[in-house]
Asker: 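Have a look at the structure that comes next, please.
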Amino acid sequence: MVSARDLRRSAADADGGLRRAQRLKRSGRIAGGVVLTLLGLLLVTFVIGRVLPTDPILAALGDRLSGAAYAHARSALGFDKPLYQQFFIYVFRALHGEFGNSVLTSNPVIEDIAHFFPATVELATAATVIGVGLGVPLGVYAAARRDGWADRGIRLVGLLGYSIPIFWLGLVGLLVFYVKLDLVAGPGRIDIGNEDIVTPITGLLLVDSLVEGQWWIFFDAVRHLILPASLLGWYSFAYVSRMTRSLMIEQFGQEYIVTARIKGLTEAAIVRRHAFANILPPLVTVVALSYAGLLEGSVLTETVFAWPGIGAYITNSLLNADMNAVLGATIVVGIVFIVLNLAAELIQPRLDPRAR
Amino acid sequence: MRLGGFWSIGAVVSSLAAGAAGLGFTASAAAAATPHDTVVMAKQIDDIISLDPAESFEVSGQEVIGNLYDRLLAHDPGDAGQVKGELAQSWSVDDDGLTYRFRLKPGLHFASGNPVTAEDAAFSLQRAVLLDRSPAFILGQFGLTKDNVRERVQAVAADTLVLRTEHPLSPSLVYLCLTAAVGSIVDATLVRGHARDDDLGNDWLKRNSAGSGPFTLRLWRANERYTLEANDGYWGDKPSMRRIIVRHIPEPAMQRLLLEKGDIDYARNLTRDQVAALADQPGIVAQSGPKGGILYLALNTENRALGKPQVQQALKYLVDYDGIAAHIAAPNFKVHQSFLPEGFLGAVTAQPFAFDLQKARVLMAAAKLAKGFTVTLDVQGSSPWIDIAQALQAKFALVGIDMRIAPADLKQILTKYRARRHEMALLTWEPDYPDPNTNAQAFASNPDNSPDAAMKTLAWRNGWDIPELSRRTEEAALERDASARAELYRGLQAEVQESSPYVVMFQQVEVAVHRSNVDGLFIAPAGDVDLYAKIVKH
């Protein structure tokens, strides 16, 4: 005879088991997705490296090589093996974190990334703080004042940020704010006289200088950061404000908002507590994607501002068929992209009011 | 509540931005010019991959090495093709034509304080051959190999180095090759102390210096900057600047802004328009000097039309040399039509070609191509290359030559070029060392024209089979009398000018634009003698 209590317990067990299974399935799905994405990334970078019409041996050892030296280098670098073998060696080495040395800097690629990536992180983070800090509130405001002057103005500013080429903006920005008005510092992360004073801990100048109590270095770094970060932030603002606006407008059309209005809630309360709370989950993805996009490095901004970041590093390496560096940096950027996406995916259920 | 959070972040950002802007105002108003004992340059230096003189082979790296190290002999800038003693006080070759003796100046010291001995010199030259990196072939021409270099290069006394070549070469070739960066003398004690496994200190010397030159290397960071510091114990005239900082500023427009602002003293990569725009600015001056680069149009003779000597000749008459120089290439290039750059032993400066449509038409008719032909030109997609290509295209069209322009990255073009898969290519050639043999071998020598030849000289790449010229090039490298040798090179250049698959058009000129309170940068055709030591600030 099975008691009612046993029944309940087994039902609860079954329920718990089901949930565990679901959780497991979900984690498995995510992990599988991550592995597949990484493998795909490896395959794509490998193929790009091989279809480039640049001879990697020439790129590594120069144009003046004799026939014998060329053949020797070819076998030493493994280019005489069949393509599928080269791919396996490549994946094997990548999984072990071995990216070899960069042809262009002659440093281990990992060291280069550790040096160049923090510069990009600093710039991208500042730009995202500006872009999101202004883009979300103004996007919400634009949606609330749909088709009004404020809405049009905000959309226009966004459109300009999106469509004006950033290298032109960068040059004009420097001309106005650096040369003419003397409000900000010139290209580079820091003044020439202030270089190498801070010992790198994180590689982020703003953080390291504060940790070490070097205030003037911190302010100098801010002076250098503010213009490129504002321009990239404008670009990010354009995307974030537009997405926020359209997400909000979608909510305003929902019946629960009409209900809330009928209940006599103030417009501010509707916007804050109802509509905005509901757009948070997709908005997190928008912000994560925008941040990830900036972390890939912005080649043009980095070039104009002589900012030693990862974008210019990857582009330079690619143009010179320096595949070690391209592979290493692409994998790192790829992992950052995946991690940010994953984080957004994990945060989403916690923000979703319906899931609470 | 949550929304309130976002609103306040927005407020923080705007106040942060405003605060930073205000702060910048006060801070940068104080910092105007560069320090009085420091020279700051903006330059494209992303080509540097190593500062080890036995390894460095890039233009920017050679300039740094020239300021850090001394060689036994140096190029005499006042007298093309002549050498003067740098570390060596006397040098001679025995009657056998094989044994060279170098006697060091007394009392020389490295920056480390160690004395400069013949032992260091022997170590340096042996090391370059043993490491066998790109520039090793320059010393390899003497017959030095990994197996014999220890016995062929020896210190026979504390102040005397002996070098024995395999064949009797032209002494001027040996001397001029030793003026190249690869001939730099390193501090053997210091370098040995930093050697790991069998790398002969290469890993350490990439980023550090061990020389006796006017400066020492404080720091080099790839794609960012290098800093040189004055060598207090320098044996020659001490540099008046304490520090030289060279920052990698990839964008020429940015170099210009920095210069105008006074944040840098020198801008080294300004374009034609920028140089012109700064010409009348008070407080800014331009200086220029010829460099070794030769800009030429390569014609692959395996192409049916381009293989005809009349067509090659016609193309030489279809280039508007002066027009391109005046409207596109100057001041970074000047008209030059022979394969040896001005400043090299035996260089020919005659310019036999000028745009002449009539002559070109006659030549095309003689080639039975009066109606022209279609051809593709590989060219770098950036200025001034692409602009020069368009100027060529317009003139070539006058005789019916339909030249399609294929812009690409330089390394892609070189890949094609080395495989002989191009038709036409617009390229620059940089001499590998400051002796005429480097360019003569490239342009006028092709000992084996077969597809798998070991030597892929420029003549080979263009399928130009020239046994006779190859022999004469070799002969010139062996001629022991320097003036007779110069004569041989003049003959070679004249012949290549007259009939060859190259349209040599321009020689590179470096334009360095600087603040008027700074002066004294020395620019020379060989990259490794651009010197900072004489730079002064008023």
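Lettering of chains follows the sequences in order, A, B, ..., and the numbering in each one begins at 1.
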Asker: Please classify the contact of A:H115 with chain B as side chain, backbone, both or neither, using a heavy-atom distance under 4.5 Å.
Answerer: side chain
Asker: Check whether B:E224 gets within reach of chain A through its side chain, its backbone, both or neither, counting any heavy atom under 4.5 Å.
Answerer: side chain
Asker: Answer yes when A:R223 and A:D220 have at least one side-chain N-carboxylate O distance shorter than 4.0 Å, and no when they do not.
Answerer: yes
Asker: Salt bridge or not for B:D52 and B:K206, using N-O below 4.0 Å?
Answerer: no
Asker: Relative to chain A, which of B:D132, B:D203, B:I264, B:L414 shows the most heavy atom pairs under 4.5 Å?
Answerer: B:L414
Asker: Do you know which of B:M455, B:R247, B:E251 has the most heavy-atom pairs with chain A at a distance under 4.5 angstrom?
Answerer: B:R247
Asker: If I measure from the heavy atoms of chain A, does B:E430 come under 4.5 Å with its side chain, its backbone, both, or neither?
Answerer: both
Asker: Pull out the residues in residues 36-45 of chain B that come under 4.5 Å of chain A, heavy atom to heavy atom, sorted by number.
Answerer: B:V40
Asker: State whether a side-chain donor-acceptor pair under 3.5 Å links B:D448 with B:S450.
Answerer: yes
Asker: A:D112 and A:Y313: side-chain donor and acceptor closer than 3.5 Å?
Answerer: yes
Asker: Using heavy-atom distances under 4.5 Å, tell me whether B:L219 contacts chain A through its side chain, its backbone, both, or neither.
Answerer: side chain
Asker: Measure distances from B:R243 to the heavy atoms of chain A and classify the residue's part below 4.5 Å as side chain, backbone, both or neither.
Answerer: neither
Asker: Quick one, A:V136 with A:F276, criterion side chain to side chain contact (heavy atoms under 4.5 Å, CB included). Give me CA distance, side-chain angles, the key distance, then yes/no.
Answerer: CA-CA 10 Å; A:V136 170; A:F276 188 73; 3.7 Å; yes
Asker: Where on B:L258 is there a heavy atom nearer than 4.5 Å to chain A: the side chain, the backbone, both, or neither?
Answerer: both
Asker: Which one, B:W429, B:W220, B:F57, leads in non-hydrogen pairs under 4.5 Å with chain A?
Answerer: B:W429
Asker: Any luck finding a side-chain donor-acceptor pair between B:Y417 and B:Q412 under 3.5 Å?
Answerer: no
Asker: Have A:S102 and A:N324 got a donor and an acceptor in their side chains that come within less than 3.5 Å?
Answerer: no
Asker: Quick one: side chain to side chain contact (heavy atoms under 4.5 Å, CB included) partners of B:I49, sequence neighbours excluded?
Answerer: B:E58
Asker: With respect to chain B, which residue among A:V304, A:L225, A:L175 yields the maximal number of heavy-atom pairs within a distance under 4.5 Å?
Answerer: A:V304
Asker: Taking atom types as modelled and ignoring hydrogens, do the side chains of B:N269 and B:Q255 form a donor-acceptor contact shorter than 3.5 angstrom?
Answerer: yes
Asker: Could you tell me whether the side chains of A:Y178 and B:D263 share a donor-acceptor contact shorter than 3.5 Å?
Answerer: yes
Asker: State whether a side-chain donor-acceptor pair under 3.5 Å links B:R207 with A:N107.
Answerer: yes
Asker: Tell me, for B:R133 versus chain A, whether the close heavy atoms (under 4.5 Å) come from the side chain, the backbone, both or neither.
Answerer: neither
